[in-house]
Amino acid sequence: MALPAAAAATTHSANPPRDAVVISAVQHDLQGRAVFSGRALNREWVDVTNTARREVNLSGWTLSDADGHSYTFLHYRLAGRATVRVHTGQGRDTSTDLYQDRRQSVWDHGADTATLRNDHGRYVDSASWGLHHRRDADDRHADDRHALGHRREADDRRVLGHRREADDRRVLGHRREADDRRALDYRRDADDRRGLGHRH
């Protein structure tokens, strides 16, 4: 199937979810007055694919955009190695096509993010384009910088700990050396006193 340019530019989350369910394609290339026509709205869609062999119960799962518009899957099971296309407009649901029954476009042409969550509200997958794609990349870079900061802080603490440990060992060594010198001096004084007594 040939994907539109807008869908081809779509990016997905870096790590595949354990559910093996992903947003595999997005068609958001609608502009002008036609976006309000039923036929045009049904040319705006999101493909959700089950990459596993077993079917997945999508009942209660949601598909939402960056503005908070949300579609909930009702009583639907996605077969293994299968794809369901979620259209924006109105129509009759089948095993391969579902309809949000909306009267206007959902997925913004310039920039948007489609997010899939399971029935517990846990993030499963997302696809972004336009400015949202760049913003997601910036967020990932920020997370990387944050993680690097924590690693550096931990390294600094370890280095400081090693320095303190070394300082403690040096201090303890100096104390032991001083104690040994004092003990040796004491023994010498005692020996000298005993030797002087014997001479008397």
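Although no hydrogens or angles enter the test, the distance criterion places no donor-acceptor pair under 3.5 Å between the side chain of D47 and the main chain of S24. A donor-acceptor pair is defined here as one N or O able to donate and one able to accept, closer than 3.5 Å; such a pair exists between the side chain of Y123 and the backbone of S126. A donor-acceptor pair is defined here as one N or O able to donate and one able to accept, closer than 3.5 Å; such a pair exists between the side chain of N118 and the backbone of H120. Using a distance-only test at 3.5 Å, with no hydrogens or angles considered, no donor-acceptor pair links the side chain of D108 to the main chain of G110. A donor-acceptor pair is defined here as one N or O able to donate and one able to accept, closer than 3.5 Å; no such pair exists between the side chain of E44 and the backbone of Q27.
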**Asked** Does the pair T113 and D65 meet the rule for a side chain to side chain contact (heavy atoms under 4.5 Å, CB included), with working shown?
**Response** CA-CA 5 Å; T113 297; D65 69 350; over 6 Å; no
**Asked** Would L63 and I23 satisfy side chain to side chain contact (heavy atoms under 4.5 Å, CB included), going step by step from the backbone distance to the final call?
**Response** CA-CA 10 Å; L63 183 64; I23 297 175; 4.1 Å; yes
**Request:** For side chain to side chain contact (heavy atoms under 4.5 Å, CB included), just list the numbers for W45 and V26, CA-CA rounded to whole Å, side-chain angles, deciding distance to a tenth of an Å, and then say yes or no.
**Result:** CA-CA 6 Å; W45 43 257; V26 178; 5.7 Å; no
**Item:** Residue pair H28, W129: steps toward the side chain to side chain contact (heavy atoms under 4.5 Å, CB included) verdict
**Value:** CA-CA 10 Å; H28 53 83; W129 57 93; 3.5 Å; yes
**Message:** Run the side-chain hydrogen bond (donor to acceptor under 3.5 Å, both in side chains) test on T49 and T83 for me, step by step, so that the C-alpha distance in whole Å, both residues' side-chain angles and the decisive distance to 0.1 Å come before the verdict.
**Reply:** CA-CA 4 Å; T49 299; T83 296; 2.7 Å; yes
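Atoms NE2 and CG, on H75 and L58 in that order, are 13.0 Å from each other to the nearest 0.5 Å. How far NE2 of H69 is from OG1 of T62: 14.0 Å, rounded to the nearest 0.5 Å. Interatomic distance, OG of S105 versus CZ of R43, reported as 11.5 Å (0.5 Å rounding).
Here the shortest heavy-atom pairing between V86 and Q100 reads CG1-CG, 3.9 Å. Closest non-hydrogen pair, Y76 versus S59, comes out as N-OG, 3.1 Å. Considering all non-hydrogen atoms of both residues, W61 and D119 come closest at CD1-N, 3.4 Å. In this structure, N50 and A79 approach most closely via the heavy-atom pair ND2-O, 3.2 Å.
Between the side chains of S70 and S64, no donor N or O sits under 3.5 Å from an acceptor N or O.
The side chain to side chain donor-acceptor pair (under 3.5 Å) test with H87 singles out one residue from D93, D97, D101, N42, and that residue is D97.
Looking at residues two or more places apart in sequence or on another chain, you find a ring-ring contact (aromatic ring centres under 6.0 Å, His included) between F73 and Y71.
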